[in-house]
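Remarks on the structure that follows.
This one's a predicted model, so the numbers in the text were calculated from it and none came from an experiment. Each chain gets a letter, A, B and so on, in the order the sequences are listed, and its residues count up from 1.
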Amino acid sequence: SQTIHQWPATLVQPVGSPLSLECTVEGTSNPNLYWYRQAAGRGLQLLFYSVGIGQISSEVPQNLSASRPQDRQFILSSKKLLLSDSGFYLCAGNGAGSRNEQFFGPGTRLTVL
Amino acid sequence: GQQVMQIPQYQHVQEGEDFTTYCNSSTTLSNIQWYKQRPGGHPVFLIQLVKSGEVKKQKRLTFQFGEAKKNSSLHITATQTTDVGTYFCAVNAGGTSYGKLTFGQGTILTVHP
């Protein structure tokens, strides 16, 4: 079965510092991968998705970027964090045959101070 | 892309009471998925509904897809404290969406023992 790994679980960063969050996938090949952000008590906002190595689509303009250097690796980055970047970041993937449910990683809770 | 309205935003129940959350769309949906997110956790896929009028059950959970495929509901019979969490519906973004999902805002369920 498909497993999504994310780290770190929590992160506290100062405003203006860089960010790199990593997501890796086990149990499937060539998955579609997604980065979501969730504000406290709110829904999931899709930030980026990728259908393959080097292919990134951005859903909303923002201070973040994403990269997919390997089939099973998806990275979320920022050069300079803003206070508004705080939130719960979730990586998800799908691609197990025709089923299109998404499998989520455990998430990274980011606080920008 | 397709949008869904999910209600209610919050629901507080006494243990043993029933609970229902609803998702509504102005357009016909190809399918709808339901996810559960425990407090502090990540969303976990529960089920996908595809057929008009479809009803599926998982123990105390009953999922329905409307005849017009524009609405769906999740009903929990005799809630337990383990049912606490946020329940999301999600729909495909449509077209060549690469499996992208649009999530409802979620219903936060609190169960009082």
Side-chain angles (χ1 to χ4, degrees), chain A residues 1-7 9-10 21 23 25 28 30-53 55-60 66 68 74 87-109 111, chain B residues 1-12 21-25 29-50 56 58 63 72 84-110:
Chain A
S1 63
Q2 188 174 139
T3 304
I4 307 287
H5 299 280
Q6 279 185 255
W7 62 90
T10 59
L21 300 181
C23 166
V25 182
T28 188
N30 196 29
N32 295 331
L33 296 175
Y34 311 87
W35 276 112
Y36 292 91
R37 177 168 57 207
Q38 185 177 34
R42 303 297 296 277
L44 299 165
Q45 180 186 34
L46 179 63
L47 302 176
F48 300 95
Y49 70 94
S50 171
V51 301
I53 296 173
Q55 300 179 64
I56 307 294
S57 295
S58 175
E59 288 293 292
V60 293
R68 189 166 175 180
F74 201 24
F88 190 40
Y89 288 85
L90 289 155
C91 178
N94 69 4
S98 61
R99 298 175 66 178
N100 66 347
E101 75 260 29
Q102 292 188 6
F103 297 86
F104 284 81
T108 295
R109 199 164 301 278
T111 303
Chain B
Q2 294 185 321
Q3 303 291 327
V4 281
M5 178 75 69
Q6 189 173 355
I7 56 171
Q9 188 174 357
Y10 302 94
Q11 187 76 57
H12 308 277
T21 175
Y22 302 89
C23 274
N24 299 295
S25 171
L29 303 169
S30 56
N31 57 68
I32 191 163
Q33 299 177 17
W34 287 92
Y35 291 77
K36 176 184 179 181
Q37 184 178 22
R38 294 183 185 275
H42 59 277
V44 174
F45 173 79
L46 295 176
I47 209 160
Q48 177 171 278
L49 305 173
V50 179
K56 288 188 176 180
Q58 292 179 351
F63 304 84
S72 180
V84 164
T86 304
Y87 293 84
F88 293 98
C89 60
V91 300
N92 286 109
T96 53
S97 63
Y98 303 107
K100 289 191 298 180
L101 296 175
T102 299
F103 283 81
Q105 283 301 299
T107 296
I108 299 173
L109 173 63
T110 305

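- Residue with the most contacts toward chain B among A:Arg109, A:Gln45, A:Glu59: A:Glu59 (heavy-atom pairs, distance under 4.5 Å).
- Aromatic ring centres of A:Phe48 and A:Phe74: separated by at least 6.0 Å.
- Residues meeting the side-chain contact (heavy atoms from CB on, under 4.5 Å) test with B:Gln11, sequence neighbours left out: B:Pro8, B:Val13, B:Phe19, B:Thr107, B:Leu109.
- There is no contact between B:Gln6 and chain A, counting heavy-atom distances below 4.5 Å.
- In plain terms, the two heavy atoms of B:Thr102 and B:Val4 that are nearest each other are O-CG2, 4.2 Å.
- Residue contact with chain A, scored on non-hydrogen atoms closer than 4.5 Å, involves the backbone and the side chain of B:Gln105 alike.
- Rounding to the nearest 0.5 angstrom, the gap separating the CZ atom in B:Phe88 from the CG atom in B:Leu46 is 11.5 Å.
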